[in-house]
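Here the structure comes first, spelled out in structure tokens, and everything after it is commentary.
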Number of protein chains: 2
Amino acid sequence: MSKNKVNIYDVAEKADVGIGTVSRVLNNSDKVKDNTRKKVLEVMKELNYRPNKLAQNLARQKANAVAVIVPSFIDHFFVEVLKGIQDALEEENIDLILHKIDLNENRMKKIMDIVHSRKVDGIAALTMDISDTENQELKDSGIPVVLADEFSADFHSIYLDDLKGAEMAVDYLVNHNHNKIAFINGDINSLHGQKRLAGVKKSFQKHNLKINTALIKDGDFYAEDGYQSMQEILELPRTEWPSAVFAASDNQAIGVLQAMEEKGLKAPDDIAVIGYDNIELAKYLKITTVWQPMYQLGHLAIEILLKAIKGELNEIYQKELELKLVKRETA
Amino acid sequence: MSKNKVNIYDVAEKADVGIGTVSRVLNNSDKVKDNTRKKVLEVMKELNYRPNKLAQNLARQKANAVAVIVPSFIDHFFVEVLKGIQDALEEENIDLILHKIDLNENRMKKIMDIVHSRKVDGIAALTMDISDTENQELKDSGIPVVLADEFSADFHSIYLDDLKGAEMAVDYLVNHNHNKIAFINGDINSLHGQKRLAGVKKSFQKHNLKINTALIKDGDFYAEDGYQSMQEILELPRTEWPSAVFAASDNQAIGVLQAMEEKGLKAPDDIAVIGYDNIELAKYLKITTVWQPMYQLGHLAIEILLKAIKGELNEIYQKELELKLVKRETA
DNA sequence: CTGTTAGCGCATTCAT
DNA sequence: ATGAATGCGCTAACAG
């Protein structure tokens with residue numbers, strides 16, 4: 001039962017020094033004679049001493065941890081971003097406290113609870129489009145915040161341009177001689193959904209294509225939603241079928257392909273299909289898609305956050321990461 | 001710049017009470033007159049007071065957080081388990097500190113660092129098969145630990161029986177008149193890989209089937225690995241082809257299907273295929289597979305962990321969760 | 001019921 | 001270079 005109750009006083013006593021000295025060797029202070037340092041180090045090992053982080057945190061007034069806020073919708077995208085976040089955090093030995101905050105509930109209250117708890121030194125929020133009125137409180141709190149996959153003029157933000165990505169996809173389709181293009185969107189209430197729609201419209205305009213509302217669908221970003229939307233489209237008279245469809249997610253694209261397959265249709269010959277995300281399976285299903293630098297997004301977000309925490313950032317950092325079109329076989 | 005420097009002393013003074021009383025209302029002690037409680041509450045609101053968790057933690061000698069340790073291989077399985085973990089934790093308002101610990105590095109040192117840091121009250125480890133020699137140190141530390149997706153006689157563990165799952169899959173195949181069955185395994189060095197292989201062998205023996213080593217492959221759990229293994233199998237003389245293949249993961253099954261498709265083969269008519277995991281896409285690709293109760297696994301793991309932390313567990317809790325075969329179209 | 005005191009374990013002046 | 005004292009913000013006896 002010799003529980004680890006050993007603290008600085010114990011090692012100080014045994015090493016015959018003051019607790020101040022022990023604290024100094026703990027923090028690698030250079031103002032410690034080599035001999036004493038060595039002696040203290042020995043005693044620490046002997047007693048199997050470990051500093052109590054809780055006490056350190058309180059004394060230092062910092063938590064050595066950051067909060068990572070993700071929407072409940074945890075899919076491939078977030079996992080990849082999380083990997084980047086985790087790696088970046090581990091490099092600095094900072095704890096990652098994961099919070100799931102749904103979009104519908106009173107997010108700001110939850111966030112402010114986190115802020116006031118003092119358990120984190122900063123916050124990285126993924127895909128959280130917070131309104132201007134909401135963010136005032138957060139801004140006032142002074143806690144470092146970085147938005148990943150979201151732009152805000154008020155916070156450091158690393159983001160992707162959904163509009164550009166969608167535009168890129170449709171441009172590609174048009175350049176491959178498609179002029180009847182369907183767009184199967186994700187949640188139209190999300191910023192992403194809206195921006196991707198805007199990108200589609202922009203490309204249409206640019207190429208003088210008219211929008212056929214019967215070919216513009218929205219739902220959610222799941223495979224099932226893509227499947228249903230495509231089914232509806234394929235119920236239209238054959239003459240109204242699109243020659244290509246752009247899905248707002250690879251999962252939806254997979255649903256689309258399935259709906260086509262059930263009708264004996266193949267991509268790209270019957271109808272071309274292009275997705276968004278470049279999930280691992282897109283590769284195996286050979287889906288042409290838009291790739292997003294997810295890992296980099298997470299990694300950079302943390303780099304910036306840590307800089308902000310250290311006070312090394314004098315102005316708001318804004319950075320757009322580049323998307324890439326991955327050409328495969330479905331379009 | 002009226003930063004949130006307000007502490008119990010401030011509210012105590014303004015409310016004209018002692019800090020003890022403030023602390024009591026903070027902790028919902030019943031020994032506080034309604035009037036004083038009300039007064040204190042008002043002052044707290046007025047001053048926008050929030051307790052400093054760091055200080056609370058130190059004073060209480062508990063972190064109000066648990067560490068969740070996951071292998072670097074973060075895929076669908078872990079995400080689902082994580083959801084269960086997160087939900088269970090949120091119900092109790094406990095923080096989730098996420099640690100990624102690779103299987104190769106000196107895991108135990110990292111884990112013991114976490115233990116000694118005092119920043120968590122307990123540990124939930126996913127898919128961490130720790131050896132007996134290793135776990136001694138962890139056991140001695142006395143910190144509550146629960147293993148999810150892993151069995152150990154020394155720790156609380158919620159686990160799945162891979163052997164049974166694999167056996168179930170092969171049994172199913174045999175019952176559908178297959179007697180030349182290939183097994184495409186994941187990492188043979190992992191406990192999962194070994195157990196699934198054992199399950200396959202058990203079913204083979206049960207049915208008096210002879211093992212053809214040319215039809216037993218291993219690699220990793222990714223789609224690409226399944227693809228390659230299946231390609232190798234399809235390079236065998238046609239007479240040696242299996243009539244069915246059991247893949248140790250849905251991702252591998254998808255790779256298998258792709259390899260087949262490239263040869264113009266279809267499931268289940270040419271070769272039946274069965275996977276493992278029941279990822280979302282297995283549904284859309286209509287892959288017959290073995291379902292694992294991932295969410296429940298995570299949720300229950302935390303329930304048990306929290307009980308252990310509260311000291312409500314007198315003996316080691318061991319629970320096997322049931323697997324289910326999801327019959328779809330590839331087998 | 002409530003105020004006071006003493007830790008929790010460590011960081012950090014301030015002298016020496 | 002180092003020891004002693006003070007504080008971080010809160011909890012938990014201990015008196016009253």
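Values reported hereafter were calculated over all heavy atoms of this structure, with side chains retained and with hydrogens, waters and symmetry mates removed. Everything numeric in this text was worked out from a predicted model, so none of it was measured.
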Notebook entry, point to check: Are any of the side-chain nitrogens in Asp34(A) or Lys38(A) under 4.0 Å away from the carboxylate oxygens of its partner?
Noted result: no
Notebook entry, point to check: If each of Gly18(B) and Val22(A) is mapped to the nucleotide of DNA chain C with the nearest heavy atom, which maps nearer the 5' terminus, i.e. the 5' end?
Noted result: Gly18(B)
Notebook entry, point to check: Within this structure, what is the CZ-to-C1' distance between Arg60(B) and dG9(C), rounded to whole angstrom?
Noted result: 17 Å
Notebook entry, point to check: Would Lys14(A) and Glu42(A) pass as an ion pair if we require N to O under 4.0 Å?
Noted result: no
Notebook entry, point to check: Are the side chain of Ser152(B) and the backbone N or O of Asp154(B) linked by a donor-acceptor pair below 3.5 Å?
Noted result: yes
Check: Which heavy atom of Leu321(A) sits nearest a heavy atom of Leu297(A), and at what distance?
Finding: CD2-CA, 3.7 Å
Note to self: I want to check one thing: is the phosphate of dT2(C), taken as OP1 and OP2, less than 4.0 Å away from some side-chain N or O of Thr21(B)?
What the structure shows: no
Check: So does Asp102(B) pair up with Arg107(B), basic N to acidic O under 4.0 Å?
Finding: no
Check: With a non-hydrogen cut-off below 4.0 angstrom, is Leu54(B) in contact with a base, only sugar-phosphate, or nothing?
Finding: nothing
Check: Atom CD1 of Ile8(A) and atom C1' of dC8(C): how far apart are they, to the nearest Å?
Finding: 11 Å
Note to self: Measure CD/Glu13(B) against P/dT4(C) and give the value in whole Å, please.
What the structure shows: 12 Å
Note to self: I need the CD-P distance between Gln56(B) and dC8(C), as an integer number of Å.
What the structure shows: 18 Å
Item checked: First-last contacting nucleotides on DNA chain D - partner chain B, under 4.0 angstrom, heavy atom -> dG9(D) to dA13(D)
Item checked: Given DNA chain C, 5'-ward residue of the pair Leu58(A) and Val32(B), judged by closest heavy atom -> Val32(B)
Check: Is the base of dG3(C) touched by the side chain of Arg24(B) through a donor-acceptor pair closer than 3.5 angstrom?
Finding: yes
Next item on the list: Send over the distance from Asn7(A) CG to dG7(C) C1', rounded to a whole Å.
Entry: 11 Å
Notebook entry, point to check: Reckon Asn57(A) touches a base, only the sugar-phosphate, or nothing at all at heavy-atom distances under 4.0 Å?
Noted result: nothing
Checklist line | Pair Asp95(A) + Lys53(A), salt bridge at N-O below 4.0 Å | finding: no
Check: Between Leu126(A) and Phe78(A), does a side-chain contact (heavy atoms from CB on, under 4.5 Å) hold up when you go through it step by step?
Finding: CA-CA 8 Å; Leu126(A) 298 201; Phe78(A) 296 112; 3.5 Å; yes
Next item on the list: Using whole Å, report how far NZ of Lys119(B) lies from C1' of dG9(C).
Entry: 15 Å
Notebook entry, point to check: Can you check the Asp10(A) CG to dC8(C) P distance for me, whole Å?
Noted result: 10 Å
Next item on the list: Figure out the OH/P separation between Tyr9(B) and dG3(C), and round it to whole Å.
Entry: 13 Å
